[in-house]
Structure formats: C-alpha cells, structure tokens
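Note that the coordinates shown come from a computational prediction; the quantities given were computed from them, not determined experimentally.
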Amino acid sequence: MTGIRLTAPAPGWAIDADVVVVGSGVAGLTAALRCAAAGLDTVVVTKARLDDGSTRWAQGGIAAALGEGDTPEQHLDDTLVAGAGLCDEEAVRTLVTEGPDAVRRLIGTGAHFDTTDSGDIALTREGGHHRRRIAHAGGDATGAEISRALVGAVREAALHTIENALVLDLLTDAEGRTAGVSLHVMGEGQHDGVGAVRAPSVVLATGGMGQVFSATTNPSVSTGDGVALALRAGAEVSDLEFVQFHPTVLFLGADSEGQQPLVSEAVRGEGAHLVDADGVRFMVGQHELAELAPRDIVAKGITRRMHEKGAEHMYLDARHFGARMWEQRFPTILAACRAHGIDPVTEPVPVAPAAHYASGGVRTDLRGRTTVPGLYACGEVACTGVHGANRLASNSLLEGLVFAERIAADIAEARPPRTEPADAPGDAGAPVPLLSPEARTAIQRTMSRGAGVLRSADSLATAADELEALHREAAADADGAKAVVPGVDAWEVTNLLLVSRVLVAAARQREETRGCHWREDRPDRDDAHGRRHLVVRIAPDRTPVVHRTETAAFPPVRPSD
C-alpha cells in the first residue's frame, strides 16, 4: 500500500454492502446484475447518470463469432494480429470462446440487435476483421441500446445506485485488503458531500481516460479516475502507453477541444473510402485490408498523408451509399455530420485521428483480480491482456461483458467477509496536493503535443518536464495560501495529471513503434526487446516506477498464483 490519498474531507456518511461497483457502462452494470443475482448486496456508484458513460457512445457494435462459417479461432487470430505481439493468448481465447454466449445472455437481458430479413443477427465488418462478426443495434447506436437494456434491468432489479458520485479513494482494512471506497456525491445524488461505501469487494468499471488529450471521442467523465485510484491504492497498471487514436473522427477545426463526434469504423466496413483532397485513396497498397486495416495502421496512414499534403485532415467518402443507406444504417452519424454543416450524402466527410481508447489499464488476471486483494477491474479501466498493443475494433464491449461475468462469479464464490476500514480518508496517509482546475487545459495540450499520435524521445521528454513542473507547483502551493480547495474539478484534474505522468513514463521506455504507440524516432518494431509489458506502480513519494516484464506474458497478480 502507498498510503497516498487525495486531499478530501473525511466521510460524513457511510453505507455497507457486499460489493460496490464503480461505473455504469456495459462492464459495471453486467457485474452488478450478476452479483445481485448471486444474492450479494450490491451498490452501483456512477459519476453522472446511469446511462452517461462511454458505452452509450459506442456506435459500431460488439464483436463475436456469431455468423455462419465464423469461429472463435478466427476471431482469436484477428485479435492477436491487431495486438501486435503483446496480447495474452489465454485472455483472448477466454474472450472469443465465452463471447458468443455472453452476447446471447445480453440479448436475454433485453438488448435488441439489428436482424436480417430471416431473423438472424445482422453482422458487419470493421477494421482488422476478416469476417462479418460485428453485431449492431439501431444502425449505429449499439452502445445506446446496450445501455438502455442494462439500465432497465438494474432498475427492474431495484439495485441500490448512487448517481452523480465521483469516487475518490480505496478504503482498506488493517491487513491491506479492500474495505470499500470513499466518494463525493455532486448535488443531485442521494447523499451530500464526501461519504463511503464499505464493502469487501470493489469493482472498478470507470471507463477510460481520453480527457487527458485535447481532442477525444470520450465523454467529459472519462478522466482516468479508476486508474488513478488504483495507483494510489498500490495496484499495478500496464500497457498505458498504448492509447488508440480512432482514425476517423469528425474534424471540427484545428483548435477544437473536448469530446468530438465519432465516425464509426463500420462506415468503412460498409465500403466507404479514405481519400485526400484530390480524391486519391491513399490506404490502397499500404495494407492488404486497405481502409479496413487495424486502427493503428489507418491512423498512421491518415497522419502520414496529412503531413505529406500539409493538410489538417483527410476525407471519408461514402457518397455512393446514397441517402437511404445513410438514413437507415448510420442515422446517428448522419445527424451529427449535418449538425456541423456537412452532408455525407453529397460530400466527403472531413476526418482526423483523435484519442479514443486506452488499451492498457489496471492489471488483472482472468478473474478480473488486481494486485490489491479485493479490488477488481473490468472494461476500459482494466488491462486483461486481451488488447495487447492495439485493440481490435468492437472487442471492447465484448471484453467488458465477458470479464464482468467472470468477476461476479469469482466474488460470488469467494464471498469475503466485511471488515472495518483501517483509517478514514482525510485523516491518515499522505494526501495528494490538488491541482487548480485551470491546469486541465495545460495537461491536455501537453499530452496532445508530446504523447499523441506521433511521439519521439524529444516530445516525450518535453511532456514529462511540463507535467513534472505542474506536479511540483501543486506540491509547493499545498503548503501556502495558494492551496486548492477540494472539489470535483480539482480532484479530476489531479487524477488527469497522475495518469498522464504514468503514461508518459511508460511511453519513454518503449523505444520502438508497436501497435498504437508510434515513435517517429524509432519507426521499427523490436521484437527482441519490445515484446515485453511495462508494468507501473506509484512509489510512496508519488514517483512512477516502471518495470519491464521478462517475457510477453504477464506475471501473476498474486504471489501464490
């Protein structure tokens, strides 16, 4: 344990449970429903409303070997290729073999997927897939439909939910085992101010950390809170340098910041072409799948062409779809484009890469257990080993589904007893000095410049220096009149700084190009030294400590495993 905590008031209220699930996307709600079904007293904590997480923004779909002629083995092969030599094959095999039945159980929960005229699930293709295996809903509103079904099931089951609550830190007992979480409810919730949910099992399903960059497809709540909490609690994170930049995000201008509209990979799956301003298809010849190559390759292809042409964006041309196909298959994307003055039916869509998905996260085993006893993680906040150096398109929803079920099964089997927290947040440990909320923009711009799609030793060193300066400034201000008052904005930006420092520390040590980590100064893949994971923890002085594994396999999360 690090003893590190956010600066925050001591909890003024507390409730007890067997399990607390933090997050309300596909991973969190699936875990909560399965735990409750096993008779466990389960509480769901979510940062906004139940349906405001990243899941509802997922357009493309959920990948599983559901189609005729497709097999889990083929899905495994495509996943391993996309992961660029760093996937854990056992984790991938677990995903692809348990995935089809998990999707069917999701349908049993009430999710409605698009079907063919014969009543079968309609399947499409996305980048990196050699077969049609992407199930979708509402054309391009898959995440929204999954979220609707799961939220409905949670409400029907009358689970205890705490909305508008930012989780702060892990509570632990005298033995260092999980004893719950502290959290702050933001006005509209069932409680006011800082409180605690005391539980022997905590499931982190907090989503991603896209807000560390200026432009992202992630919602505003994706500030890396789960990864930051886990690091402060002493957990290990891995593969954080592998941030996937979605190749086709609607370009709204070079200065546009915050959440940007996504143009799903499924548009290319249905036959859209990437072209430059002269109408040339520049991905042809770069990869056997052209526009349907894995995302890292397409993002690099777009970025290279932008540099060659001195352009700020490229174009996605799907005019040949016609109005009817756009309206029926991609209504959400069509509406978003038209809202910004672009009509995909009659003109190419301007696109550029933006931060999209964290392939790394809190390190877990195949049961979702982290290196802290009683703390679990699933979904984008976790690193199960499935994604390796680059997530295969539409594997994210499936990963959240499959590993959430595995976590619930493990907790139901273990049924650990409730214990008392050893100390109260705010009363013990080493409180982390808070950053001023105004530092958020500085962090995002530093990360976009230095650790974005294109990276180099110089850009990463500059980013590290700028982040370290913010870290030192916060520490200096904490002892004087400039100390930042605890609050949601300050806690979020402090979390952003921590995960940014860890990401940059790992990226500086990966001196090769692999998957979605692209080093301009190290353009080649180095399998002799690079097929290793970078595992990071935080030392008690809040310094990132990076450890390189001996092989491509993860070490066990428990010494006895």
Side-chain angles (χ1 to χ4, degrees), residues 82-86 209-210 212-216 237-247 254 282-283 285-287 293-314 352-360 387-391 442-470 499-536 543-549 552:
L86 276 186
M209 53 185 191
V212 302
F213 297 96
S214 296
T216 177
V237 304
S238 186
D239 299 354
L240 220 60
E241 69 271 28
F242 296 118
V243 177
Q244 187 177 83
F245 286 76
H246 198 288
F282 54 87
M283 285 304 300
Q286 291 199 37
H287 189 276
R295 287 179 178 174
D296 62 307
I297 293 170
V298 179
K300 292 172 189 175
I302 291 173
T303 305
R304 283 194 186 106
R305 196 66 161 191
M306 285 163 55
H307 284 188
E308 290 169 6
K309 294 288 186 178
E312 294 180 323
H313 61 82
M314 289 289 110
H356 182 57
Y357 190 89
S359 292
H387 304 308
N390 184 41
R391 173 180 67 96
I443 293 170
Q444 291 170 331
R445 291 178 177 173
T446 288
M447 292 297 288
S448 292
R449 284 193 305 265
V453 179
L454 300 177
R455 301 169 178 178
S456 67
D458 289 344
S459 78
L460 290 167
T462 299
D465 289 344
E466 292 175 359
L467 295 172
E468 191 60 30
L470 289 171
V499 295
S500 295
R501 291 174 67 222
V502 172
L503 190 160
V504 169
R508 293 183 75 181
Q509 291 208 21
R510 185 164 293 282
E511 296 181 324
E512 60 162 355
T513 289
R514 182 180 297 273
C516 49
H517 173 69
W518 186 11
R519 288 280 299 257
E520 290 181 281
D521 54 337
R522 302 276 185 164
D524 298 320
R525 196 162 123 176
D526 179 8
D527 280 338
H529 304 96
R531 285 199 65 210
R532 306 286 188 274
H533 297 279
L534 297 177
V535 176
V536 190
T543 302
V545 178
V546 186
H547 166 70
R548 187 181 299 270
T549 61

Distance in Å, [X] [atom1] paired with [Y] [atom2], rounded so as to fall on 0.5 Å steps:
{"X": "H547", "Y": "L534", "atom1": "NE2", "atom2": "CG", "value": "9.5 Å"}
{"X": "H313", "Y": "T303", "atom1": "NE2", "atom2": "OG1", "value": "13.5 Å"}
{"X": "Q444", "Y": "F213", "atom1": "CD", "atom2": "CZ", "value": "10.0 Å"}
{"X": "D239", "Y": "H533", "atom1": "CG", "atom2": "NE2", "value": "5.5 Å"}
{"X": "H529", "Y": "E511", "atom1": "NE2", "atom2": "CD", "value": "11.0 Å"}
{"X": "M314", "Y": "I302", "atom1": "CE", "atom2": "CD1", "value": "8.5 Å"}

Open item on the list: Quick check on side-chain contact (heavy atoms from CB on, under 4.5 Å): which of E468, R455, M447, Q509 does V504 satisfy it with?
Closed with: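 Going through the options one by one, the only one that passes is M447.
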Task: Check: M283 and P247 side chains under 4.5 Å, non-hydrogen atoms - done: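 Counting from C-beta outward, P247 and M283 never come under 4.5 Å.
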Please name the pair of heavy atoms, one in [X] and one in [Y], separated by the smallest distance, quoted to 0.1 Å.
{"X": "P353", "Y": "M306", "result": "CD-SD, 4.3 Å"}
{"X": "A354", "Y": "A215", "result": "CB-O, 3.8 Å"}
{"X": "R501", "Y": "P544", "result": "NH2-CD, 3.7 Å"}
{"X": "F245", "Y": "A299", "result": "O-CB, 3.8 Å"}
{"X": "G210", "Y": "A355", "result": "O-CB, 4.4 Å"}

Without swapping roles, check the side chain of [X] against the backbone of [Y] for a donor-acceptor pair under 3.5 Å.
{"X": "E241", "Y": "H517", "result": "no"}
{"X": "R531", "Y": "A552", "result": "no"}
{"X": "S359", "Y": "A389", "result": "no"}
{"X": "E512", "Y": "D526", "result": "yes"}
{"X": "T513", "Y": "W518", "result": "no"}

TODO: Name all residues meeting the side chain to side chain donor-acceptor pair (under 3.5 Å) criterion together with D521; count only those two or more places apart in sequence or in a different chain, and write none if there are none.
DONE: R519
TODO: Begin from the C-alpha positions of N390 and F242 and carry the test side chain to side chain contact (heavy atoms under 4.5 Å, CB included) through to its verdict.
DONE: CA-CA 7 Å; N390 184 41; F242 296 118; over 6 Å; no
Open item on the list: With a 4.0 Å cut-off on N to O distance, would you call E466 and R449 a salt bridge?
Closed with: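 R449 and E466: salt-bridged.
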Task: NZ/NE/NH1/NH2 to OD/OE distance under 4.0 Å, R514 and D296 - done: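 No, this pair does not count.
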Task: Criterion side chain to side chain contact (heavy atoms under 4.5 Å, CB included) on V536 and L240, from CA distance to verdict - done: CA-CA 9 Å; V536 190; L240 220 60; over 6 Å; no
TODO: Please report the C-alpha distance between Y357 and H387 in whole Å, then the side-chain angles of each, then the deciding distance to 0.1 Å, and finally whether the side chain to side chain contact (heavy atoms under 4.5 Å, CB included) criterion is met.
DONE: CA-CA 11 Å; Y357 190 89; H387 304 308; 3.3 Å; yes
Open item on the list: Take a 6.0 Å sphere around CZ of R305 and say whether it holds more than 12 heavy atoms from other residues, nucleotides or ligands.
Closed with: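 Check passes, neighbour count above 12.
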Open item on the list: Evaluate L503 against M209 for side chain to side chain contact (heavy atoms under 4.5 Å, CB included), listing each step before the verdict.
Closed with: CA-CA 11 Å; L503 190 160; M209 53 185 191; 3.9 Å; yes
